[in-house]
Number of protein chains: 2
Amino acid sequence: MIAGNRDSIDEASRVSSRIILGDCIAEMEAMPAKSVDLIFADPPYNLQLNGDLFRPEGSRVDAVDNDWDKFDTFGAYDNFTCRWLSAARRILKDTGTIWVIGSYHNIFRVGTVLQDLGYWVLNDIVWRKTNPMPNFKGTRFTNAHETMIWCSKSEKARYTFNYHAMKMLNDDVQMRSDWTIPICTGGERVKIGGVKAHPTQKPEALLYRVLMAASNPGDVVLDPFLGSGTTGAMAKMLGRSFIGIDREQAYVEVAQKRIAETRPLAPDAMQITRGKRQEPRVAFGTLVEAGLILPGQELVDTARRYKARVRADGSLAFRGDAGSIHQMGAAAQGAPSCNGWTFWHMERGGALEPIDTVREAYRRDLAA
Amino acid sequence: MIAGNRDSIDEASRVSSRIILGDCIAEMEAMPAKSVDLIFADPPYNLQLNGDLFRPEGSRVDAVDNDWDKFDTFGAYDNFTCRWLSAARRILKDTGTIWVIGSYHNIFRVGTVLQDLGYWVLNDIVWRKTNPMPNFKGTRFTNAHETMIWCSKSEKARYTFNYHAMKMLNDDVQMRSDWTIPICTGGERVKIGGVKAHPTQKPEALLYRVLMAASNPGDVVLDPFLGSGTTGAMAKMLGRSFIGIDREQAYVEVAQKRIAETRPLAPDAMQITRGKRQEPRVAFGTLVEAGLILPGQELVDTARRYKARVRADGSLAFRGDAGSIHQMGAAAQGAPSCNGWTFWHMERGGALEPIDTVREAYRRDLAA
DNA sequence: AGAAATGATGAATCAGATG
DNA sequence: TCATCTGATTCATCATTTC
C-alpha cells in the first residue's frame with residue numbers, strides 16, 4: 001500500500017522518495033526483481049528486557065518496550081530474519097549491497113542468516129558511540145557500540161565502494177571498520193510535542209557515511225524498516241532515490257514530513273570533507289596492561305618524600321589506601337586535586353623520570 | 001593427553017599450568033564437570049586450517065575433493081562450533097564465563113551457537129587495533145577490529161566481573177565495550193628462527209584485561225585453542241591456574257616454553273580495587289550500638305529538605321513513621337528505593353557529612 | 001548578559017543476601 | 001522457589017534554571 005500520493009520528485013536532482021505503509025516482506029515481494037542498488041535495514045533487535053531499570057539518582061530509564069521488538073523465541077526471530085532477508089535479496093541488483101545494523105542481541109542471528117542465504121560479508125562495521133548510555137548497575141562493560149554488517153549479493157559480485165571518498169572523509173587515510181559517531185540527540189532528534197518520535201532514531205552522520213561509501217547519486221536506496229526516516233533524509237540530501245517501508249502509520253507520517261523538509265545538497269557541495277575526531281586519551285592502566293609499567297613498580301615524587309606502589313589494575317597503593325595516580329597524588333600532598341602524570345616518577349638509571357614520559361613513548365609507538 | 005610431565009606448579013603463587021596435546025573436544029569431555037572458572041577461546045576461523053574438515057555429523061572430510069557448497073561448509077563449521085562449545089559448557093562452573101574471539105568470517109556462527117546452547121551474552125567486546133593491516137586493494141574498509149563475545153553460563157547465573165578494577169584501569173570511568181589495543185608485534189611476538197611461531201598470536205594486553213575483568217587469583221582458566229600460549233602466560237603472571245589444549249605439537253612446545261619463562265607478579269602487586277559489594281555488611285544499628293551515632297541524632301538530606309531522628313534500635317523516625325534508613329529515604333523522596341547511607345547526613349562542624357563516612361570509619365577500625 | 005549550576009536522557013538483555 | 005530487605009550504581013551532551 002502506498003501512503004497517499006505524497007511521492008515527491010525533486011526536479012533539480014531528478015530523484016524521488018517513495019514511502020510505503022505496510023509489511024516490508026509483502027511489499028518487497030511486490031517489487032520488481034533486481035531493482036535496488038542499496039538496502040539499509042535497522043530491524044528490531046529482540047532486546048528481551050525484563051523489569052524496569054532505574055538510574056542511581058532514581059529516575060526510570062525509558063526503554064524500548066514496543067510491540068514490534070517482541071519475539072517469542074530465537075527461532076521465531078530467525079524465521080522473521082530469513083524471510084525479510086530473502087525478499088530483500090530478490091529485489092537487490094547483482095551489483096547492490098546491503099547493510100544491516102544490530103546489537104549483540106540480534107546481530108549474530110542476522111549475520112548467520114545473511115551468510116546462509118548466500119550474501120557475501122564485505123565488512124562488519126562497528127559504530128562506536130561517543131556518548132552511550134552508561135551501565136548504571138556496574139554489572140558489565142558499557143555497551144558502547146552497535147554493529148553493521150555490509151554484504152554484497154554474492155561472493156563474486158562487483159559492488160560499489162567509493163574508496164577515495166572514504167579516504168577523503170578520513171583525513172586521507174583509509175577508512176577503518178570502526179566509526180566513531182555520537183548518538184542522535186539535540187536538534188537532530190525528531191520530537192512530537194517534546195517527546196521523541198521514535199525510540200531508536202539513527203544519527204544522520206552514520207547514514208551519510210553509509211550512502212557515501214556504497215552508492216552513487218541517482219541510485220535507488222531502500223530501507224525496509226523506515227522508522228524516523230534517517231535513511232530517507234540522507235538519501236534525498238545526497239541525491240539518491242529512496243523507497244521506505246514501515247508498518248506503523250505514525251512512523252510513516254514522521255518520516256514523510258522529515259524527508260519533505262530535507263533539501264538536497266548542491267551537486268558541488270557533496271564533496272565536503274569532515275574532520276577526524278581527536279585521539280582518545282591514554283589511561284594509566286593501559287600502560288600497565290601494555291607491560292610498560294609493571295605492577296609492583298615503586299613511584300615517588302620529585303623530592304622522594306612520598307612512595308607509592310603500582311597495582312595490577314592500574315591503581316596506586318599509598319599508605320594503606322589505594323586509588324588512581326591522581327587521587328593518591330592529591331592525598332600525598334593534602335591537595336584537592338593533582339596531576340598524577342607529572343607528580344609521580346620512576347627511578348631510571350639513577351635519575352627520576354615522570355611517568356608522563358612513558359605515556360608519551362606509548363603515544364609515539366601508536367603513531368608509528 | 002598430557003604433554004610429558006612438564007606441568008609446573010609455582011610455589012609462590014600455588015597455582016599450576018597444565019598443557020595438553022590433543023583434540024580439545026575429546027580432552028574437555030574427559031575433564032570433570034563444572035571445574036573451570038573462565039574459558040578464553042580463539043577458535044580457527046575455518047576448518048581447513050589443519051587440512052581437516054568436518055561434516056555436520058562430525059566425520060572428517062578429505063579437503064582435496066571439496067565438492068560441497070557453502071551451506072555444507074557453514075554447516076560443518078557450525079557443527080564443530082556446537083561440539084566444542086557444548087563440551088566447554090559442561091566443564092564450566094555455573095558461575096564461570098566464556099570469551100570467544102573471532103572476525104566476521106566466523107563470529108556470527110559462534111554467537112548464534114552460543115545463544116542456542118543457552119549461554120547468555122553479557123557483552124560483545126570490540127578489540128580496536130591501533131595498527132591493523134591496511135586493505136591493499138582499496139576494495140573494502142580496513143578491517144581494523146576483532147570481536148569477542150563474553151557469556152555467562154545461563155541467564156540468571158552470577159558471574160565474576162571486577163567492575164572497579166576495570167574502572168581503575170580506565171582512568172576512573174566505566175570500561176567500555178570497545179578496547180583500543182595494538183596488535184602483537186616487536187619483542188612480544190614469539191619467533192622461531194626469525195619466523196613468527198603462530199599466525200594469530202594475541203597481544204598480552206588483551207588477555208591481561210580479559211583475565212583481570214572476569215577472574216580472580218587462584219581461579220582455573222582454560223584455553224582450548226592454546227596456540228602461542230598468550231592466555232597461559234597472562235594466567236600465570238596474574239596468579240591463575242591454567243589449562244591449555246592444542247592439537248599441534250609445535251604450538252604446545254612454544255607455549256610451554258613461553259609459560260615456563262613467565263614469572264608471576266608478587267601477590268601484593270596483584271591486588272585490585274574492590275567495590276563496596278565485596279566489603280562486610282555493617283548494619284546501621286551496629287553504629288548506634290557502638291556509640292558512633294547516638295539515639296536522638298537528627299539526620300537530613302543534602303538539601304536539608306527532610307529531617308529524621310535516630311531511634312535506639314537503629315530505626316529512623318520520619319514524619320510520624322519509622323523504618324530503616326533506606327525505607328525512610330525512599331519515603332522522603334517518594335522513590336521506589338533509596339540508599340540511606342548516602343541519602344542521610346549529619347551536621348559536623350557546620351558541614352553535612354553522609355552517615356556512610358561513619359560506616360567507613362567503623363570498617364577501618366575493624367580492619368585495624 | 002554571561003557564567004555556573006542543575007536537570008534530562010540515550011536500542012539496557014543492569015543485584016544480592018536472607019529467610 | 002519466592003518474597004522481602006539492604007543498599008550499590010552513571011557518561012557525555014544538551015537544555016534549563018540560577019547566580
Q: To the nearest angstrom, how far is B:D124 atom CG from C:dT13 atom P?
A: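 Distance check: B:D124 CG to C:dT13 P gives 10 Å.
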Q: Does a donor on one side chain sit under 3.5 Å from an acceptor on the other, for B:Q174 and A:T142?
A: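 Yes, a side-chain donor-acceptor pair sits under 3.5 Å.
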Q: For the pair made of CG in A:D52 and C1' in C:dT13, what is the distance, rounded to whole Å?
A: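 Distance check: A:D52 CG to C:dT13 C1' gives 14 Å.
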Q: Taking any heavy-atom pair under 4.0 Å as a contact, classify B:V173: base, sugar-phosphate, or nothing.
A: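 Here B:V173 touches the backbone only, sparing every base.
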Q: Looking only at side-chain atoms of A:K137, point me to the closest of D:dA8, C:dA11, C:dT13.
A: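 Closest nucleotide among those given: D:dA8.
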Q: Can you identify which nucleotide, out of C:dT9, C:dA11, C:dT13, has its nearest atom closest to the A:D69 side chain?
A: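 Comparing C:dT9, C:dA11, C:dT13 against the side chain of A:D69, the answer is C:dA11.
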Q: Using the C1' atom as the point on both nucleotides, what is the distance between C:dG16 and D:dT1, in whole Å?
A: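 Pairwise C1' distance, D:dT1 against C:dG16, rounds to 16 Å.
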Q: Check every atom of C:dG10, D:dG7, C:dT13 against the side chain of A:P134 and return the nucleotide holding the closest atom.
A: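 Nearest nucleotide to the side chain: C:dG10.
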Q: Which one, C:dA12, D:dG7, C:dG10, comes nearest to the side chain of A:R189?
A: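 The closest nucleotide is C:dG10.
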Q: Tell me, which of residues 99-114 of chain A have any heavy atom that sits under 4.0 Å from an atom in DNA chain C?
A: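 Nucleic-acid contacts, sorted: A:Y104, A:H105.
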Q: Less than 6.0 angstrom separating the ring centers of A:W84 and A:F225, yes or no?
A: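 Judged by ring-centre distance (under 6.0 Å), A:W84 and A:F225 do meet the cut-off.
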Q: Less than 6.0 angstrom from the centroid, inside 45 degrees of the normal: does A:R209 satisfy that with respect to the ring of A:W179?
A: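 A:R209 over A:W179 ring: yes.
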Q: Contact class for A:G51 (heavy atom, under 4.0 Å): base, sugar-phosphate, or nothing?
A: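 Base, at least one base heavy atom under 4.0 Å.
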Q: Return the value, rounded to whole Å, for the distance between atom CZ of A:R128 and atom P of D:dC11.
A: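 For the pair A:R128 CZ and D:dC11 P, the rounded distance is 16 Å.
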Q: Write down the distance separating the C1' atoms in C:dA11 and D:dA8, rounded off to the nearest Å.
A: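 So the two C1' atoms sit 25 Å from each other.
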Q: How far does CG of B:L169 sit from CE of B:M175, to the nearest 0.5 angstrom?
A: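 That separation rounds to 5.0 Å.
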Q: What is the distance from CE of B:M168 to P of D:dT9, rounded to the nearest Å?
A: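 The answer, rounded to whole Å, is 12 Å.
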Q: Is any side-chain N or O of B:R359 closer than 4.0 Å to OP1 or OP2 of D:dT6?
A: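 No, because none of the side-chain N or O atoms of B:R359 sits under 4.0 Å from OP1 or OP2 of D:dT6.
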Q: If you assign each of A:N135 and B:R281 to its closest nucleotide in DNA chain C, which residue comes earlier from the 5' end?
A: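 Counting from the 5' end, the first nearest nucleotide belongs to A:N135.
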Q: Which value, in whole Å, describes the distance between the C1' atoms of nucleotides D:dT13 and C:dT13?
A: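 Here D:dT13 and C:dT13 have their C1' atoms 25 Å from each other.
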Q: Using a 4.0 Å heavy-atom cut-off across all strands, classify A:N143 as base, sugar-phosphate, or nothing.
A: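 Counting heavy atoms under 4.0 Å across all strands, the contact made by A:N143 is with sugar-phosphate only.
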Q: So is the aromatic ring of B:W120 stacked onto the base of C:dT13, judging by whether the centres are under 5.5 Å apart and the planes are under 30° apart?
A: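 Yes, the aromatic ring of B:W120 stacks with the base.
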Q: With the side chain of A:T200 defined as its heavy atoms from C-beta on, choose the nearest nucleotide among C:dA11, D:dT10, C:dG16.
A: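 In terms of side-chain proximity for A:T200, the closest of C:dA11, D:dT10, C:dG16 is C:dA11.
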Q: Do you see a donor-acceptor pair shorter than 3.5 Å between the side chains of B:T97 and B:S152?
A: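 No, because no side-chain N or O of B:T97 sits under 3.5 Å from a partner of the opposite role on B:S152.
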Q: For A:R60 and D:dT10, give me the distance from atom CZ to atom C1', rounded to whole Å.
A: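 For the pair A:R60 CZ and D:dT10 C1', the rounded distance is 18 Å.
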Q: Any donor and acceptor pair, going by atom type alone, linking the side chain of A:D69 with main-chain N or O of A:L47 inside 3.5 Å?
A: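 Yes: the side chain of A:D69 pairs with the backbone of A:L47.
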Q: Side-chain donor or acceptor of A:R140 under 3.5 Å from a matching atom on the base of C:dT13?
A: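 Between C:dT13 and A:R140, which were checked side chain against base, a qualifying N/O pair under 3.5 Å is present.
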Q: Would you kindly check if the NZ (Lys) or CZ (Arg) of A:K70 is within the cone defined by 45 degrees around the ring axis of A:W68 and under 6.0 Å from the six-membered ring centre?
A: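 A:K70 over A:W68 ring: no.
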Q: Can you tell me whether the side chain of B:K156 and the base of C:dA15 have a donor-acceptor pair closer than 3.5 Å?
A: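 Between C:dA15 and B:K156, which were checked side chain against base, a qualifying N/O pair under 3.5 Å is absent.
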Q: Which one, C:dA15, C:dA11, D:dT9, comes nearest to the side chain of A:L47?
A: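 Selected nucleotide: C:dA11.
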Q: Kindly say if B:S324 contacts the phosphate of D:dT6, meaning a side-chain N or O under 4.0 Å from OP1 or OP2.
A: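 B:S324 to D:dT6 OP1/OP2: side-chain N or O found under 4.0 Å.
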Q: Under 6.0 Å between ring centres: does that hold for A:W99 and A:W150?
A: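 Yes, they do, as the ring centres are separated by less than 6.0 Å.
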Q: Between D:dT10, C:dA11, C:dG10, spot the one nearest the side chain of A:W68, thanks.
A: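 It is C:dA11.
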Q: Side chain of B:K276 only, heavy atoms from C-beta on: which candidate in C:dT13, D:dA8, C:dG10 is closest?
A: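 Shortest atom-to-atom distance from the side chain points to D:dA8.
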Q: Can you tell which of D:dT9, C:dT13, C:dA17 lies closest to the side chain of A:Q48?
A: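 For the A:Q48 side chain, the nearest candidate turns out to be C:dT13.
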Q: Between A:K196 and C:dG10, does any side-chain N or O lie under 4.0 Å from OP1 or OP2?
A: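 Yes, because at least one side-chain N or O of A:K196 sits under 4.0 Å from OP1 or OP2 of C:dG10.
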Q: For B:V121 and for A:K191, locate the closest nucleotide of DNA chain C by heavy-atom distance; then report the residue assigned to the nucleotide nearer the 5' terminus.
A: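 In this pair, the answer is A:K191.
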Q: Side chain of A:T185: nearest nucleotide among C:dC14, D:dC14, C:dA12?
A: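 Among C:dC14, D:dC14, C:dA12, the one nearest the side chain of A:T185 is D:dC14.
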Q: Grab the CE-P distance between A:M133 and D:dC14 for me, whole Å please.
A: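 Nearest whole value for this atom pair: 16 Å.
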Q: Does B:H164 have a side-chain nitrogen or oxygen under 4.0 Å from the phosphate oxygens OP1 or OP2 of D:dT9?
A: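 Yes, within the criterion.
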Q: Rounded to whole angstroms, how far apart are CG on A:L53 and C1' on D:dA8?
A: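 Result: 13 Å.
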Q: Classify the nucleic acid contact of B:V282 as base, sugar-phosphate or nothing, counting any heavy atom under 4.0 Å across all strands shown.
A: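 B:V282: backbone/sugar contact only, no base atoms under 4.0 Å.
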Q: With distance as the sole criterion, is a donor-acceptor pair present between the side chains of B:S177 and A:R140 under 3.5 Å?
A: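 B:S177 vs A:R140: no donor-acceptor pair found between side chains.
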Q: Using a cut-off of strictly less than 4.0 Å between a heavy atom of the residue and any atom of DNA chain D, enumerate the qualifying residues of residues 332-346 of chain B by number.
A: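 By residue number: B:S337, B:C338, B:N339, B:W341.
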Q: Is there a side-chain polar atom (N or O) of B:Y163 under 4.0 Å from OP1 or OP2 of C:dA15?
A: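 No, B:Y163 has no side-chain N/O under 4.0 Å of OP1/OP2 on C:dA15.
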Q: Determine, for A:W341 and A:R359, whether the Lys NZ or Arg CZ falls below 6.0 Å from the six-membered ring centre while staying within 45 degrees of the axis.
A: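 So A:R359 does make the cation-pi contact.
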Q: If I take atom CZ from residue A:F141 and atom OH from residue B:Y163, how far apart are they, to the nearest 0.5 angstrom?
A: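 Between A:F141 CZ and B:Y163 OH, I get 11.0 Å after rounding to 0.5 Å.
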Q: Give each stem of DNA chain D as a range with a range, requiring at least 3 consecutive Watson-Crick or G-U wobble pairs whose two distances are under 3.5 Å.
A: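 Stem segments, range with range: C:2-10 with D:11-19, C:15-19 with D:2-6.
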Q: Just checking, any donor-acceptor pair under 3.5 angstrom between side chains of B:N123 and A:Y104?
A: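 Not at all, the side chains of B:N123 and A:Y104 share no donor-acceptor pair under 3.5 Å.
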Q: Do any N or O atoms from the side chain of A:T286 and from the backbone of A:V282 form a donor-acceptor pair under 3.5 angstrom?
A: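 Absent.
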Q: Would D:dT16 be called syn or anti here, given the cut-off of 90° from 0?
A: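 Anti, since the glycosidic angle lies more than 90° from 0.
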Q: Strictly by modelled atom types, are B:R311 and B:S315 linked by a side-chain donor-acceptor pair under 3.5 Å?
A: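 Judged by distance alone, the side chains do pair up.
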Q: Any side-chain N or O of B:H326 below 4.0 angstrom from OP1/OP2 of D:dT6?
A: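 For B:H326, the contact criterion (side-chain N or O under 4.0 Å from OP1 or OP2 of D:dT6) is not met.
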Q: For A:Q201 and C:dG10, give me the distance from atom CD to atom P, rounded to whole Å.
A: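 From A:Q201 CD to C:dG10 P: 11 Å.
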Q: Name the nucleic acid region contacted by B:Q174, choosing base, sugar-phosphate or nothing; use a 4.0 angstrom heavy-atom cut-off, strictly under.
A: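 Answer is sugar-phosphate: B:Q174 comes under 4.0 Å of backbone atoms only.
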Q: Ring centres of A:F80 and A:F71 under 6.0 Å apart?
A: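 Yes, ring centres under 6.0 Å apart.
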